[in-house]
Amino acid sequence: MTRKFAIAPADNGEQVSDRTIPDELPEAHLIRRYEPLAVLAVASEAFPVVKTGGLADVIGSLPKALLSQGIATRTLIPAYPMALANCDDREVVGHMSVLGEEVTLWASHCHELELLLVDCPALFDRRGGPYLDDQGRNYPDNWRRFALLSAVGARIAAEGVDDWRPDLVHLHDWQAGLTAAYMRAAGVDVPRVVTIHNLAFQGQFPASVFPSLGLPDHFFHVDGLEYYGDISFLKAGIRLSDAVTTVSPTYAREILTEEQGMGMSGVLQSRRSVLSGIVNGIDEDVWNPLTDPYISENYDLHSIERRRANREAVEQTFGLIPGDGAILSVISRLTWQKGIDLLAPVVQGIVDRGARLIVIGEGDPDIVCGLAEQARKHSGRVVVHVGFSEESAHLLHAGSDIVVQPSRFEPCGLTQLYALRYGAIPVVARTGGLAETVIDANEAATAAGAATGFQFHPGSVEDLYQAIDRALTAYDSSDTWSRLQTQAMRTSFGWARSAERYACLYRRLVRDHGAPTLDHK
Ligand code: ADP
Ligand code: GLC
């Protein structure tokens, strides 16, 4: 006799559902696999409550995808003023004294997220953003702010909240890295995984702050926080977690090399056996051209001609001279990482081809100045908007023809995924997540109907221009363009597969926790 079960995915990541299980399987095995898991995620931002970039998008969308895997996440973030304003339906679930500060812990079911908010006005009630003051400078006490977030995370891992206790803790980026150290110091026996969203941000601070962290002296060690004589919060996460992930398999390989390891390759090599890459997904409800409230006209692949209204809305909104020439857009932090300094030298070529360019973002003043100069020179054809606008980002994906992402390195990148979904063709540097999510329109891929965009060698102005030139040539042929758009919009970048991978990793860590680890170094 057999029975039917809706079972959790197997550890190899293959989706197995509604599989027939023979009776003689031991009951304990079944129970362990089906048991729902409770996860505490610790992070510094979560869309739509507070967002400065892709980290927020991931923190805001992964928990929803994990629910279908039987995993319930509660997400701990700081109670910045914006977070409190966006989650007014909340209740106090605890008071604690941490690192000499009095903390109130709020719980809120907010925008489909189960949030826990660390309220400590002395550290988080500030006029600027999550990391920078209103002059764009790092808060000098960022080490203390995120040590506190991490210490609260460790306390929740140890004691729970109300009747709730996490089976696993998931730390994101350096801001949450010290959670692993506080848990280890307090002997909290809950498995933990750290995800590196960007190795460029390591939470590196002078050794002089170490005594104020409330950690035992021996944590200031090469196997703990010590990092070239300073301390690094991210290193603590990497050294002291059970597993380390990053946001694409390509980036997982890249960061093991000296060239792209940003000083951390040795540390990562030491955790190689527990390091893996899981590519980010996107929230297909938030980023759906058929239902997007921010765009002029909704559309999908079958009504792609309606995109035209969005193009016109882009021309109008951004003050472009109307025309048939392609609209290129860049929606990005305006920084060296994103390769935005490579853009100014190719602007003349873009304009000479009859195309137009819109850049929206915030960042390096020199880069902004260079672009602003181009905008003055090519008024009506080149527009630079300094600022962060979720609404404009959506409209630009819906109404521009090409989205350019010239990153020097890119752990995953979400912009190209949004562009694909909206039928804007990405031109991207061949690095990290960009390399594996965009299929270059070379001869073979084009013949096979697999191409979705254009790639070029990172860091090269000439290669960037050539890729843009190839894209503009393809744009001139309506058949070629339509094939690219169709393939782009058919590609799925939802969370399903990657959520399954996280679920497998979580379950394996929970199952193996307590077993001796082979990863001694
Ligand atoms: P990163 O997190 O490194 O900045 P990602 O591509 O992963 O890069 O994510 C960037 C996110 O930030 C996307 O959601 C993108 O739409 C958004 N974004 C970047 N710049 C702006 C901007 N100026 N206005 C609105 N959204 C922006
Ligand atoms: C970081 C990376 C980006 C990634 C995002 C979300 O900000 O720079 O590539 O998509 O995190 O993981």
Side-chain angles (χ1 to χ4, degrees), residues 41 43-48 50-62 129-131 170 172-176 194-202 234 245-252 254-255 260 262 277-283 286-287 292 294 317-318 329-340 358-364 367-368 371 383-398 400 403-422 424 426 428-429 431-438 458 493 495 498 502:
S44 53
E45 47 185 280
F47 177 85
V50 52
K51 164 170 171 175
T52 71
L55 171 67
D57 288 355
V58 172
I59 302 304
S61 54
L62 177 59
Y131 320 112
H170 191 162
H172 294 272
D173 269 353
W174 74 264
Q175 293 90 347
V194 64
T195 294
I196 303 165
H197 292 263
N198 193 335
L199 193 59
F201 302 100
Q202 305 185 342
L234 182 64
T245 70
T246 185
V247 289
S248 70
T250 307
Y251 193 59
E254 289 171 351
I255 57 180
Q260 295 187 69
M262 306 212 147
I278 302 179
V279 72
N280 285 333
I282 65 170
D283 188 325
V286 173
W287 294 93
D292 193 327
Y294 294 133
T317 309
F318 289 90
S329 68
V330 175
I331 307 144
S332 179
R333 288 187 281 123
L334 305 180
T335 63
W336 183 88
Q337 176 206 333
K338 300 289 180 180
I340 306 299
I358 299 168
V359 181
I360 162 166
E362 295 173 319
D364 185 331
I367 294 181
V368 173
L371 286 169
V383 174
V384 179
H385 264 216
V386 178
F388 195 94
S389 156
E390 197 67 23
E391 205 169 323
S392 301
H394 283 250
L395 180 62
L396 285 170
H397 283 296
S400 45
V403 168
V404 187
Q405 236 170 318
S407 312
R408 286 197 168 77
F409 66 94
E410 193 62 75
C412 178
L414 296 171
T415 305
Q416 81 281 8
L417 305 183
Y418 301 144
L420 290 165
R421 182 142 165 86
Y422 279 64
V428 302
T431 183
L434 300 175
E436 66 193 65
T437 54
V438 174
F493 285 106
W495 268 109
S498 295
Y502 276 116

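Just follow the structure's listing: the first ligand is 1, and inside any ligand the first atom is 1.
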In ligand 2, which numbered atoms sit nearer than 4.0 Å to a non-hydrogen atom of [X]?
X    : value
Q337 : 8 (O)
V58  : 6 (C), 12 (O)
V247 : 12 (O)
R333 : 8 (O)

Exercise. Does C412 offer a backbone N or O that forms a donor-acceptor pair with the side chain of Q416 under 3.5 Å?
Worked result: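 Between the backbone of C412 and the side chain of Q416 there is a qualifying donor-acceptor contact (under 3.5 Å).
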Exercise. Does any N or O in the side chain of S498 come within less than 3.5 Å of the main-chain N or O of V279, such that one atom is a donor and the other an acceptor?
Worked result: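 Such a contact is found between S498 side chain and V279 backbone.
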For this session: May I ask you to test the W287-H394 pair for a side-chain heavy-atom distance under 4.5 Å?
Result: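 Side-chain contact under 4.5 Å: yes.
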Problem set entry | T431 vs Q260 side-chain heavy atoms within contact, under 4.5 Å |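 Touching, per the 4.5 Å side-chain cut-off.
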Who's the nearest protein heavy-atom neighbour of [atom], and how far?
atom                   : result
atom 6 (C) of ligand 2 : N280 ND2, 3.3 Å
atom 4 (C) of ligand 2 : G413 N, 3.7 Å
atom 8 (O) of ligand 2 : N198 ND2, 3.3 Å

Exercise. Would you call the rings of Y502 and W495 parallel, tilted or perpendicular, where under 30° means parallel and over 60° means perpendicular?
Worked result: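 Judged by the thresholds at 30° and 60°, the geometry between Y502 and W495 is tilted.
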Exercise. Would you call the rings of F409 and W336 parallel, tilted or perpendicular, where under 30° means parallel and over 60° means perpendicular?
Worked result: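 If you compare the ring of F409 with that of W336, the planes turn out tilted.
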Exercise. Do T52 and E45 have a side chain donor and acceptor closer than 3.5 Å?
Worked result: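 The answer is yes; a qualifying pair exists.
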Exercise. Roughly how far, to the nearest 0.5 Å, is CG of D292 from NE2 of H397?
Worked result: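 CG of D292 is found 10.0 Å from NE2 of H397.
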Exercise. Which protein residues have a heavy atom under 4.0 Å from ligand 1?
Worked result: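 Correct list: K51, G53, G54, D57, I331, S332, R333, K338, I360, G361, G387, F388, S389, E390, A393, E410, G413, L414, T415, Y418.
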Exercise. Which residue from E410, H197, K338 reaches closest to atom 1 (C) of ligand 2 through any of its heavy atoms?
Worked result: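 When every heavy atom of E410, H197, K338 is considered, H197 comes closest to atom 1 (C) of ligand 2.
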Exercise. Can you tell which of T246, T245, V247 makes a side chain to side chain contact (heavy atoms under 4.5 Å, CB included) with I196?
Worked result: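 The residue from T246, T245, V247 that satisfies side chain to side chain contact (heavy atoms under 4.5 Å, CB included) with I196 turns out to be T246.
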Exercise. Can you list the steps and then say if V403 with L420 is a side chain to side chain contact (heavy atoms under 4.5 Å, CB included)?
Worked result: CA-CA 9 Å; V403 168; L420 290 165; over 6 Å; no
